[in-house]
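This is the structure, below, for whatever I ask next.
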Amino acid sequence: MLHKRVSRRQFLAGSLAATGGLALSACVPAGAPAGGDSGDMMEASEEPVTVLFHTRLGTHADWHISRQPLFEEQNPGINLEIDELPGNEMYPKIYALSASGTVGDVVWTYLNNPPEHKAKGVLIPLDDIVAAKDFDLSNFWDSLLAALTLNGELHAIPNHGHYGTTAYYHNKTLIEESGGELPHPDWTTDDYVAIGKAVTDPPEVWGIRSFGTGQEHVPSYLRIFGGDAISEDGTMSLLDQEESIAGLRWLYDLQHTHGVDPCQCGDEAVNNFVAGKVGSFNTTTGLIGRYTNMKNEGDIEFEWDAVVGPVGPTGLRGSQVSAAAFGITGNSKHPSEAFQVLDFYSTKEDGIEHVFFGAGSPGGRKDVWESDELNSIHPIFRQHQQIYPEGPRKWHRPANARTSEFVDTMNNNLQAIWTQAVEFEEGVEQTHLLVQEVLDKDPLA
């Protein structure tokens, strides 16, 4: 077992990337896929080859680099070269490299991005390679594989995954000192607001910090109330539905009615929590390992815990499958060897150990989340499996592959609501109409 720990300084430098909340966009021309047909893909080179892997800078890349010697030991004849790209530059850089025919062999994608990657000539289908290598897909969540499947063909293999921003981290010390009741697996949205009111002591200490933008965050909130941001087929905005409006109103009220959240701009929530200034906030399970390591090293000075998200007024909880996954580019001359990278970083062992390392959420595999070894670090992983026995709900995205445009439009208009640049009702209607305009556009070419 690896036990590299992340210091508070390292954590703060990489915390935004850990939340997965960035909306990445690109304005570069699409490049045609390079490489041969599927038959050519299956021919592994007899000579030693170098596989170039474009990964995301930060603790994820640190983990990949730490495992590089083991990969090369287990895959003789393959030299793994790792290219670290900053999160906010990763996709534009990948698209530009693809357009110029210089992109490497393996690229990183999130669930919102495979259609855009495909349209820009980055990803190739993996089905023939999966079949030839007899790669077992049965342990991955169905909703996760569905998000990585385009036109019936699988285009990436999950590396890490989670149920969405359903991990609610809380400062036990602050809550207990305030007289509030600690969160528990059966808590409700009303309990969450009550905790926020007990803890809030402006301008320094806030009971709640939430994320009012982002396609990873917003649907998780709306689904607590029975709503959603976009239809499953990706053609219709659902922001005008009564249930979705109820979820948006709840977020709005946290700030402007209850006064427990200073803004729907949670980018600093992770750092403020570490500083002891936040009662509770939600994001993914990706911080469990980091917080555990930081607490052990004395970089977190209070008692903290995490619990699955609260039950809404309709008896529902929010969830939305989310993950990073790795795909093979059309430019790769060695797709068979490149697939070994996807295989290596998607094993049960990798999915467990990178949590202990502090490199994010567990692997997107059922056998990872149910393992005793993983749950020895924190019980929230098995708690998710018990509360969501069918796994996380599906990820919905624009059918026309205009993911970046959709997210940017939604974010900008929701932010106008949170800052009261527009009245709530007017702002919701405007947001709905404008994102629908994006969904109605021709498919990205």
Using a 3.5 Å distance criterion without hydrogens, assess whether the side chain of Asn411 forms a donor-acceptor pair with backbone atoms of Thr213.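 Looks like no, no N/O pair under 3.5 Å.
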Taking atom types as modelled and ignoring hydrogens, do the side chains of Trp63 and Asp350 form a donor-acceptor contact shorter than 3.5 angstrom?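 Short answer, yes.
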So which atom in Trp187 and which in Gly309 form the shortest heavy-atom distance, rounded to 0.1 Å?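 Heavy atoms of Trp187 and Gly309 come nearest at NE1-C, 3.6 Å.
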Assign the ring pair Tyr163 / His384 to parallel, tilted or perpendicular, where the plane angle (0 to 90°) is split at 30° and 60°.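 Tilted, since the angle between the ring planes falls between 30° and 60°.
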Looking at side-chain heavy atoms only, is the closest gap between Thr149 and Leu154 below 4.5 Å?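 When only atoms from C-beta onward are counted, Leu154 and Thr149 do touch, with a gap below 4.5 Å.
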Whether Asn75 side chain and Ile78 backbone form a donor-acceptor pair below 3.5 Å: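 Looks like no, no N/O pair under 3.5 Å.
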Decide, yes or no, whether a salt bridge links Lys295 with Glu303 under the criterion of side-chain N to carboxylate O below 4.0 Å.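 Salt bridge present between Lys295 and Glu303.
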Contact check, side chains of Arg317 and Ile387, non-hydrogen atoms, under 4.5 Å: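 Yes, side chains in contact.
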Report the C-alpha distance between Thr403 and Phe406 in whole Å, list the side-chain angles of each, state the deciding distance to 0.1 Å, and finish with yes or no for side chain to side chain contact (heavy atoms under 4.5 Å, CB included). CA-CA 5 Å; Thr403 54; Phe406 171 84; 5.7 Å; no
Say you draw a straight line from NZ of Lys366 to OG of Ser371; how long is it, rounded to the nearest 0.5 Å?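 One finds 14.5 Å between NZ of Lys366 and OG of Ser371.
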Would you say the rings of Phe281 and His170 are close, in the sense that their centroids are separated by under 6.0 Å?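 No, the ring of His170 stays outside the 6.0 Å limit from the ring of Phe281, centre to centre.
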Shortest non-hydrogen contact between Gly161 and Ser361, atoms and distance: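 Heavy atoms only, the tightest pair is O-CB, 3.5 Å.
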Over 60° means perpendicular and under 30° means parallel, so tell me whether His117 and Tyr95 are parallel, tilted or perpendicular.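 Perpendicular: the ring planes of His117 and Tyr95 meet at over 60°.
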Just by distance, with hydrogens left out, do His432 and Ser237 show a side-chain donor and acceptor under 3.5 Å apart?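 Yes - a donor-acceptor pair under 3.5 Å links their side chains.
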Within a strict 4.5 Å, meaning less than it, do heavy atoms of the Thr292 and Asn296 side chains meet?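 Side chain of Thr292 against side chain of Asn296, heavy atoms only: contact under 4.5 Å found.
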I want to check something: taking the side chain as every heavy atom from C-beta on, are Gln340 and Val51 in contact at a cut-off of under 4.5 Å?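 Answer no - side chains too far apart.
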Using only heavy-atom distances, determine whether the side chains of Ser138 and Asp136 contain a donor-acceptor pair under 3.5 Å.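 There is such a pair (donor and acceptor under 3.5 Å, judged by atom type) between the side chains of Ser138 and Asp136.
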Can you name the closest pair of heavy atoms from Gly227 and Ser244 and give their distance?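 Closest pair (atom of Gly227, atom of Ser244, distance): CA-OG, 3.4 Å.
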Whether Phe326 and Trp108 hold their rings parallel, tilted or perpendicular, with breakpoints at 30° and 60°: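 Taking Trp108 first and then Phe326, their aromatic rings sit tilted (interplane angle of 30° to 60°).
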Return the orientation label for the Trp250 and Phe225 ring planes: parallel under 30°, perpendicular over 60°, tilted otherwise.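 It falls in the tilted class, 30° to 60°.
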Around Glu370, counting heavy atoms of other residues, nucleotides and ligands shown, do more than 12 lie under 6.0 Å from its CD?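 Yes.
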In terms of heavy-atom contacts, does NZ of Lys394 have more than 12 from other residues, nucleotides or ligands at under 6.0 Å?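 No, because the 6.0 Å sphere around NZ of Lys394 holds 12 heavy atoms or fewer from other groups.
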Looking only at side chains, do Thr235 and Asp233 share a donor and an acceptor under 3.5 Å apart?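 Yes, side-chain donor-acceptor contact under 3.5 Å.
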Between Arg397 and Ile230, is there a side-chain heavy-atom distance shorter than 4.5 Å?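 Side chain of Ile230 against side chain of Arg397, heavy atoms only: no contact under 4.5 Å found.
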Spell out, as yes or no, whether a donor-acceptor pair under 3.5 Å connects the side chain of Thr329 to the backbone of Gly104.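 Flag set: sc Thr329 to bb Gly104 pair under 3.5 Å.
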Just so I know, are the side chains of Ile328 and Asp105 near enough to count as touching, which here means a heavy-atom distance under 4.5 Å?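 Ile328 does not reach Asp105 side chain to side chain.
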Judged by atom type as modelled, is there a donor-acceptor pair below 3.5 Å linking the side chain of Trp141 to the main-chain atoms of Arg393?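 Not confirmed, Trp141 side chain does not pair with Arg393 backbone.
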Just say parallel, tilted or perpendicular for the rings of Trp304 and His378, cut-offs at 30° and 60°.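 Because their plane-to-plane angle is under 30°, the rings of Trp304 and His378 count as parallel.
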Among Ile175, Val278, Val260, Ile208, find the one that has a side chain to side chain contact (heavy atoms under 4.5 Å, CB included) with Val199.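 Only one option passes, and that is Ile175.
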Is there side-chain contact between Thr55 and Met90, with at least one heavy-atom pair below 4.5 Å?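 Contact flag for Thr55/Met90 side chains = no.
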Going by atom types only, do Asp253 and His258 share a side-chain donor-acceptor pair under 3.5 Å?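 Looking only at side-chain atoms, His258 and Asp253 do not form any donor-acceptor pair under 3.5 Å.
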Taking CG in Asn79 as the centre, count heavy atoms belonging to other residues, nucleotides or ligands within less than 6.0 Å. Is the count above 12?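 Result for CG/Asn79: enclosed.
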Derivation and outcome, side chain to side chain contact (heavy atoms under 4.5 Å, CB included), residues Arg209 and Ser280: CA-CA 7 Å; Arg209 292 301 303 271; Ser280 181; over 6 Å; no
Honestly, is Arg67 close enough over Tyr345, meaning NZ or CZ under 6.0 Å from the six-membered ring centre and within 45° of the axis?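 So Arg67 doesn't make the cation-pi contact.
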Side-chain (Thr166) to main-chain (Ser319) donor-acceptor, under 3.5 angstrom: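 Pair absent, no side-chain N/O of Thr166 close to backbone of Ser319.
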Do Leu248 and Trp418 come close enough that some side-chain heavy atom pair is under 4.5 Å?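 In contact.
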